[in-house]
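Each remark here refers to the structure printed beneath this line.
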Amino acid sequence: MQTKVKVREQKILLVDDLDYNRQLLRNNLTALFSQQKLKYKAFSYFQAHNASSALLTFSQQNPDLVFLDIELPDGSGLELLKRFKEQKPDCFVVMVSGVSTLDNVKASIASGAASFIVKPFTADKILAVLKQFDRYYDKLLKTAG
Amino acid sequence: MNLLFAEDDALLAQLFQLQAESAGYQVVWAENGDVAVQQALSYQFDLIFMDIQMPILDGASAMQMLRQLGYDRPIIAMSAEEVTAVGFDLVLKKPLQWPEVQQQLTKFKAIPSIALELPPELKEAYLVHAKQSLQQLVILAEQQNWIDFMAIVHQLKGSAASFDLASLSQLADQLQSEWKTIPAGQKTKRATYFLEQCKACKLK
């Protein structure tokens, strides 16, 4: 039997300079939340198209889940990752990049990224991340009591 | 089932590929741990075979990196020595014996793949954007403004394949990887060639 856990609505922040990428990601997140067996599926969405607006939105909204593109027009997603983790250490940050160099992957892990998606987007990659978030958030709630 | 075979010995990889493919498996070869990590993050493999001793990044470190990033699909270690790293689903002794490998493979299942949802109006909007980008590239090439030119190429590379335009993404990827090695005097010629290739893609 499924037990219902009452949790507040969570927040997702999508950071990508290309509007179409954010739309595509949002579309597929919504689709996966409705089709797949995921525990946490009530999210409100926030978007940012560059590093400075991402920082601002992050501070205002304190999101639980972030999809963060590494290559932003006004800065590196890796720098943002550090700032996000300082502000909210339990934030689940997924790095997104067109180039998965070993340096990028290593730096992401070192700065506390929870996951790494190599573009192009596929539903399998996004779902893998959401399942991971489910496990992560369960653990987080347990530790918080 | 889709298998990723990470092994620096090309002959061993070829042998495995022959055996596995004749048994109906699809195999992609990764020649070191770095390539294995990048390939694994595409999430298109049901199972990874990981050699332990590999250049650039060894198999145990590659597995650990993937696990740190939440990769939860099965990874099988292959080694002549004992494997102490925690995180592998299975360890196979090298040299591999195909009958044993095949028997072990039956324990693993193919992971169903889900299609990306691409609403037609979003694809259409992206197509318009891509065409505008290509027009911009023509102007930037004439001005020999290579910094802005390559910034757009980079964006096309990262986005086009998500919108069902894999060929455009590949062309951009190819140009980007070659770009640094192209002498300044040859850049216009290479850029023109790239733009012609894009035109031949017939975006629709």
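As the structure is a computational prediction, the values presented were derived from the model and not from experiment. In what follows, chains are A, B, ... by sequence order, proteins preceding strands, each numbered from 1.
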B:Met65 and A:Lys106: CA distance, side-chain angles, deciding distance, side chain to side chain contact (heavy atoms under 4.5 Å, CB included) verdict:
CA-CA 8 Å; B:Met65 244 182 205; A:Lys106 273 185 179 165; 3.2 Å; yes
Go through B:Glu121 and A:Gln23 one step at a time and tell me if the side-chain hydrogen bond (donor to acceptor under 3.5 Å, both in side chains) criterion holds.
CA-CA 11 Å; B:Glu121 61 276 13; A:Gln23 280 188 48; over 6 Å; no
Pair A:Ile109, B:Leu69 - check side chain to side chain contact (heavy atoms under 4.5 Å, CB included), show working.
CA-CA 7 Å; A:Ile109 293 176; B:Leu69 293 171; 3.7 Å; yes
Under 4.5 Å from any heavy atom of chain A, what part of [X] do you find: side chain, backbone, both or neither?
X        : result
B:Pro119 : side chain
B:Gln68  : both
B:Ala115 : backbone

Rounded to the nearest 0.5 Å, what separation is found between the [atom1] atom of [X] and the [atom2] atom of [Y]?
X        : Y        : atom1 : atom2 : answer
A:Glu71  : B:Gln155 : CD    : CD    : 11.0 Å
B:Leu66  : A:Ser115 : CG    : OG    : 10.0 Å
A:Asp17  : B:Ser159 : CG    : OG    : 9.0 Å
A:Tyr20  : B:Lys123 : OH    : NZ    : 14.5 Å
B:Ile114 : A:Gln35  : CD1   : CD    : 8.0 Å

Atom of [X], atom of [Y] and distance for their closest heavy-atom approach:
X        : Y        : value
A:Asn21  : B:Phe163 : OD1-CE1, 3.5 Å
B:Leu57  : A:Leu102 : CD2-CD1, 3.8 Å
B:Tyr126 : A:Leu18  : CE1-CD2, 3.9 Å

Would you call A:Lys131 and B:Asp72 a salt bridge, taking side-chain N to carboxylate O under 4.0 Å as the test?
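Salt bridge absent between A:Lys131 and B:Asp72.
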Under 4.5 Å from a heavy atom of chain B, the part of [X] involved:
X        : answer
A:Gln132 : side chain
A:Leu24  : both
A:Asp124 : both

So does [X] have more than 12 non-hydrogen atoms from other groups sitting under 6.0 Å from [atom1]?
X        : atom1 : answer
B:Arg190 : CZ    : yes
B:Gln53  : CD    : no
A:Phe33  : CZ    : yes
B:Lys199 : NZ    : no
A:Gln60  : CD    : yes

Given the options A:Ala113, A:Ser97, A:Ala31, A:Ala123, which has more heavy-atom pairs under 4.5 Å with chain B than any of the others?
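Most pairs with chain B among the choices: A:Ala123.
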Are the side chain of B:Ser162 and the backbone of A:Pro120 linked by a donor-acceptor contact shorter than 3.5 Å?
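No; judged by distance alone, with no hydrogens or angles, the pair does not exist.
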Looking at B:Glu117, is its backbone amide N or carbonyl O close enough to the side chain of A:Asn28 to form a donor-acceptor pair, meaning the two atoms are under 3.5 Å apart?
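Yes, because the side chain of A:Asn28 sits within donor-acceptor range (under 3.5 Å) of the backbone of B:Glu117.
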Counting heavy-atom pairs under 4.5 Å with chain A, which one of B:Gln176, B:Lys157, B:His129 comes out on top?
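Of B:Gln176, B:Lys157, B:His129, B:His129 has the most heavy-atom pairs under 4.5 Å with chain A.
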Flag side-chain contact, heavy atom, 4.5 Å: A:Ile126 against B:Leu116:
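A:Ile126 vs B:Leu116: side chains touch.
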Start with the C-alpha distance between B:Gln38 and A:Val105, add both sets of side-chain angles, then the distance that settles side chain to side chain contact (heavy atoms under 4.5 Å, CB included), and finish with yes or no.
CA-CA 9 Å; B:Gln38 294 182 43; A:Val105 175; 5.8 Å; no
